[in-house]
Structure formats: structure tokens, C-alpha cells
Asker: 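Have a look at this one before I ask anything.
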Amino acid sequence: MIQFIDTGACERVALGPGLGTAAEIMGRARCGAENGRALLRRVGPGERVEAGALPGARQLLYLMEGEGTIELGGKAHPAGAGMGVFLDLGEGAVIRHAGSAPLKVFHLVVPKE
């Protein structure tokens, strides 16, 4: 089934102190996706995106706008628009806001099976 998704019209939900907002742009409720979930995450100064280690899923985090750092295994890597990270089963990462403009991150979670 083909479905048009207007990401600007998707409801943005606050994720808690320091975690910014997220809008689900792909999932069971949004478009009937049975295997996977995609979020459009936005964070501002002092905020971060946390992608916890998921033993049953792989994750892709792609920076669409803004500047930040991607923390992998205790090491911070400068990152900007067009950069990202792939996380295999059980791997996690943190992306921290580091610029003056908001940071927009596409976060895809795909179960291993």
C-alpha cells in the first residue's frame, strides 16, 4: 500500500527533559507498517537523542539538519547534516545538539526478523 506522509502534519510529542520531541512518521498506527518504526526527532540546545541498545532491532540515525556529536562507545564524533550512524543488534548511541540551529534526526528502527 502506498501512503503519502506529510511529516509537518504529524503530531510532535515531548519525550521528556532534555530529549526534545518526536513525531512518528512510520509505524502500525500511522501507515500500517508491521515491521519497523520511523521517527522524526528534533532537539535544541542542551538536548540529545538517545538510541538505546535494542537486542532485537537494528537502528539508523541520520542527521537531516543542524550540527551535533554522535557518541559511540564513549567517543564523541562531530556530525552534521548528511551524516549518521547504523546500529546493529544491541548497540546504542547518543546524538547531542552542538550548533545554534535545531537538530533534526531521522530515526529508523527495524526488528531483526
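Nothing here was measured: the structure is a model prediction, and the numbers come from that model. Positions are given from 1, in the same order as the sequence printed here.
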Asker: Can you tell me how far apart OG1 (T69) and CZ (R96) are? Round to the nearest 0.5 Å.
Answerer: 6.5 Å
Asker: Over all heavy atoms of both residues, which pair between T21 and A14 is shortest? Give the atoms and the distance, please.
Answerer: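 Heavy-atom minimum between the residues: CG2-CA, 4.2 Å.
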Asker: Is there a chain of hydrophobic side chains (I, L, V, M, F, W, Y, each step under 4.5 Å between heavy atoms) that links M64 to L108?
Answerer: yes
Asker: If you compare all heavy atoms of Y62 against all heavy atoms of G82, which two are closest, and at what distance to 0.1 Å?
Answerer: OH-CA, 3.4 Å
Asker: Considering non-hydrogen atoms only, spot the tightest contact between A51 and Q59 and give its length.
Answerer: CB-OE1, 3.5 Å
Asker: Can you hop from V43 to V85 via hydrophobic side chains spaced under 4.5 Å?
Answerer: yes
Asker: Can you pull out every side chain to side chain donor-acceptor pair (under 3.5 Å) where at least one residue sits in residues 38-54? Sequence neighbours excluded, please.
Answerer: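 The answer is R41-H107, R48-E50.
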Asker: Taking all non-hydrogen atoms of both residues, which atom of C10 and which atom of A23 are closest, and how far apart?
Answerer: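 Closest approach of C10 to A23: CB-CB, 3.9 Å.
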Asker: Tell me whether V105 is reachable from L39 by hopping between hydrophobic residues (I, L, V, M, F, W, Y) whose side-chain heavy atoms are closer than 4.5 Å.
Answerer: no
Asker: Could you give the distance from OG1 (T7) to CZ (R12), rounded to the nearest 0.5 Å?
Answerer: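 Atom-to-atom, T7:OG1 and R12:CZ are 10.0 Å apart.
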Asker: Sequence neighbours left out, what pairs pass salt bridge (Lys or Arg N to Asp or Glu O under 4.0 Å) with at least one residue falling in residues 85-94?
Answerer: R58-D88
Asker: Would M26 end up clustered with V110 when hydrophobic side chains under 4.5 Å apart are linked, directly or stepwise?
Answerer: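 Yes, same cluster.
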Asker: Linking Ile, Leu, Val, Met, Phe, Trp and Tyr through side-chain heavy atoms less than 4.5 Å apart, which residues share a cluster with V94?
Answerer: none
Asker: If we check side chain to side chain contact (heavy atoms under 4.5 Å, CB included) with L87, which of these qualifies: V109, L72, L54?
Answerer: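 Testing each of V109, L72, L54 against L87, the sole residue satisfying side chain to side chain contact (heavy atoms under 4.5 Å, CB included) is L72.
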Asker: Closest approach of L63 and G68, non-hydrogen atoms and distance?
Answerer: CD2-N, 4.5 Å
